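Here is the structure we will look at, set down as structure tokens.
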Amino acid sequence: MAASRRILSIPFVALLATLVMALPGSAHPSHDDEIAIPLTAWRLADGQTLTAYLLKVDESRAWLVDGSEKTHMIALRDLDAGGQGMARHAAARSRQINARRAEAKLVAANAVDVEIPLVTELVLGPAEPGATAVKPPDAAKIFAAFKRVKTRSDDKYVYVESDGLPDHPMMKGITAWQQQVPLPQPYTGDNAWRVPRHPAVAKTPAMIKGRFLRGAIALAANGIPIFNPQNNRGEVSQEIGELDEWGGHCGRADDYHYHATPMHLQSAVGKGQPVAYALDGYPIYGLTEPDGSPVADLDECHGHTTHIGYHYHGATKYPYVMAGFHGEVVEKEGQVDPQPRARSIRPATTPLRGATITDFKTTEKGQSELVYEV
């Protein structure tokens with residue numbers, strides 16, 4: 001029987017739109033890590049998110065600078081209630097600091113009868129004597145290579161936000177297809193990925209063969225999750241035709257994810273940088289050490305400790321990613337906990353036997369088109 005060529009058209013819902021008019025950056029931190037300012041996720045009233053730091057605020061507007069150093073001017077009314085509160089609190093705090101400094105100067109000059117206007121522009125860098133600027137977490141650096149990925153951090157985690165879709169092509173080459181398609185996912189806000197900033201060595205490594213078959217075990221630099229090389233049935237996805245040319249496919253929630261280390265991201269993150277982070281907080285490098293030397297003496301988790309600290313290495317054969325968690329993780333219901341939840345807009349489907357996906361592209365009409373042969 002001759003093979004037939006079919007096209008599946010998928011309505012594509014754009015989760016992220018242009019937030020505000022981008023203005024050329026003016027006053028912002030330099031690229032020197034020592035004076036960098038941490039970014040905060042600002043939610044707009046319509047539910048969208050902008051990860052940036054607050055540069056300046058007045059009675060009706062806020063100026064936010066994102067990770068690519070673009071300045072966005074946003075009306076306070078366009079921020080959600082929490083964002084408006086943060087901006088107004090920052091403005092009040094800035095006025096207090098500036099007023100105290102002005103008052104101190106006046107007292108010193110014995111000129112207390114002079115009226116000092118309140119200044120609403122925030123002071124960049126340390127606001128109080130003795131304060132220190134915050135250095136961005138090392139784990140945040142690789143995610144900065146991708147514009148669709150946003151990060152923020154606290155003392156424990158780097159939070160990584162994305163729409164779950166990579167910049168590279170998808171799905172082409174899959175020969176074992178469950179009729180799932182890549183749709184945007186809401187990996188934002190409280191549903192963002194968490195990468196531990198201070199990984200702790202586990203008393204006993206948690207090996208992943210036959211375990212952690214649900215959810216992700218790592219996060220790629222482009223914000224796409226990496227699952228166990230085994231699928232939820234225990235089969236190795238790479239070896240049964242489930243993965244595309246980039247090592248990924250879609251799960252039952254139409255969530256695109258990898259089952260192998262995405263080595264192809266190396267050119268984007270830069271030579272010598274990791275291409276992913278395991279969910280225990282340790283980095284995952286490619287087939288060589290950061291300095292280009294061969295990899296040797298890997299432990300049972302497919303990692304080792306060198307002068308740069310503990311890290312894993314991907315592989316072109318099993319385990320493809322890593323073999324176990326060197327660091328502490330919590331296992332709950334077959335997966336690392338906590339981690340984001342993918343959300344599908346349609347029920348899961350069944351495999352289409354004999355189908356080979358030959359192309360996947362986004363059309364000018366805002367739809368995605370998947371082409372397959374049976």
Side-chain angles (χ1 to χ4, degrees), residues 33 135-146 149 151 153 157-160 162 166-168 193-202 205-209 212 215-230 236-238 243-248 257-329 336 339:
D33 286 348
K135 183 178 180 180
D138 290 339
K141 294 179 181 179
I142 64 168
F143 301 107
F146 299 90
V149 181
T151 61
S153 62
Y157 299 101
V158 173
Y159 300 91
V160 183
S162 78
D167 292 330
H168 63 70
W193 295 96
R194 301 182 182 187
V195 178
R197 292 187 60 178
H198 309 289
V201 178
M207 308 309 292
I208 67 171
K209 191 170 186 177
F212 301 98
I217 60 172
L219 183 66
N222 59 353
I224 304 301
I226 303 173
F227 282 34
N228 192 311
Q230 295 175 281
V236 179
S237 291
Q238 181 68 41
L243 304 186
D244 60 23
E245 296 176 3
W246 298 269
H257 56 261
Y258 302 116
H259 280 269
T261 301
M263 309 289 190
H264 51 86
L265 299 182
Q266 192 72 67
S267 59
V269 299
K271 184 179 180 180
Q273 296 297 318
V275 295
Y277 270 83
L279 295 188
D280 62 1
Y282 289 108
I284 302 175
Y285 287 85
L287 301 178
T288 64
E289 298 296 344
D291 61 3
S293 60
V295 175
D297 301 324
L298 296 179
D299 61 20
E300 59 182 339
C301 295
H302 214 253
H304 58 179
T305 301
T306 67
H307 67 283
I308 63 170
Y310 189 86
H311 58 275
Y312 302 104
H313 282 278
T316 56
K317 58 183 181 180
Y318 191 86
Y320 294 101
V321 186
M322 58 200 212
F325 289 105
H326 177 77
E328 292 181 351
V329 293
V336 177
Q339 66 173 276

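Since the model is a prediction, treat every value here as computed from it, not as a measurement.
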Query raised in the report: When the ring planes of His257 and Phe227 are compared, do they come out parallel, tilted or perpendicular, using 30° and 60° as the limits?
Result: parallel

Query - Distance (rounded to the nearest 0.5 Å) between Tyr320 OH and Ile226 CD1 - result: 14.5 Å

Report summary line: Nearest heavy-atom contact between His313 and Ile284 is C-CG2, 4.4 Å

Query - Asn222 side chain reached by Tyr258 side chain, heavy atoms, under 4.5 Å - result: yes

Query - Between CZ on residue Phe325 and CD1 on residue Ile217, distance to nearest 0.5 Å - result: 5.5 Å

Query raised in the report: Do Phe146 and Ile224 come within less than 4.5 Å of each other through their side chains, counting heavy atoms only?
Result: no

Query raised in the report: Can you check whether Trp246's main-chain N or O pairs, donor with acceptor, with His264's side chain at less than 3.5 Å?
Result: yes

Query raised in the report: How are the rings of His304 and His311 set relative to one another: parallel (under 30°), tilted (30 to 60°) or perpendicular (over 60°)?
Result: perpendicular

Query raised in the report: With no hydrogens and no angle check, is any side-chain donor or acceptor of Gln266 less than 3.5 Å from a backbone partner on Gln273?
Result: yes

Report task. Might you point out which heavy atoms bring Val269 and Ala145 nearest each other, and give the distance in Å? Result -> CA-CB, 4.2 Å

Query raised in the report: Considering all heavy atoms of both residues, which atom of Asp280 and which atom of Glu328 are nearest to each other, and what is their separation?
Result: CB-O, 3.9 Å

Query - NE2 on His168 to CG on Asp244, rounded to 0.5 Å - result: 7.0 Å

Query raised in the report: Taking atom types as modelled, is there a side-chain donor on Asp299 or Tyr310 under 3.5 Å from an acceptor on the other?
Result: yes

Query raised in the report: Which atoms form the tightest heavy-atom contact between Pro229 and Tyr318, and what is the distance?
Result: CG-CE1, 3.9 Å

Query raised in the report: Any side-chain heavy-atom pair from Met207 and Cys301 closer than 4.5 angstrom?
Result: yes

Report summary line: CG (Leu279) and CG (Leu219) are apart, to the nearest 0.5 Å, by 7.0 Å

Report task. Give a yes or no on whether the backbone of Ala216 and the side-chain of Gln339 come within a donor-acceptor separation of less than 3.5 Å. Result -> yes

**Report entry** Tyr277 and Val158, any side-chain heavy atoms less than 4.5 Å apart
**Finding:** no

Query raised in the report: Between the side chain of Thr151 and the main-chain N/O of Val160, is any donor-acceptor distance below 3.5 Å?
Result: no

Report task. Could you tell me whether the side chain of His259 and the main chain of Asn228 form a donor-acceptor pair under 3.5 Å? Result -> yes

Requested in this report: Using atom types as modelled and distance alone, determine if a side-chain donor or acceptor of Tyr312 lies under 3.5 Å from a backbone N or O of His326.
Outcome: yes

Query raised in the report: Quick one: does Leu287's side chain get under 4.5 Å of Val295's, heavy atoms only?
Result: no

Query raised in the report: Has Asp291 got more than 12 heavy atoms of other residues, nucleotides or ligands less than 6.0 Å from its CG?
Result: yes

Query raised in the report: What are the two closest non-hydrogen atoms of Ser153 and Tyr159, and how far apart are they?
Result: CA-CD1, 4.2 Å

Report task. Return the minimal non-hydrogen interatomic distance between Met263 and Gly314, and the atom names on each side. Result -> CE-C, 3.5 Å

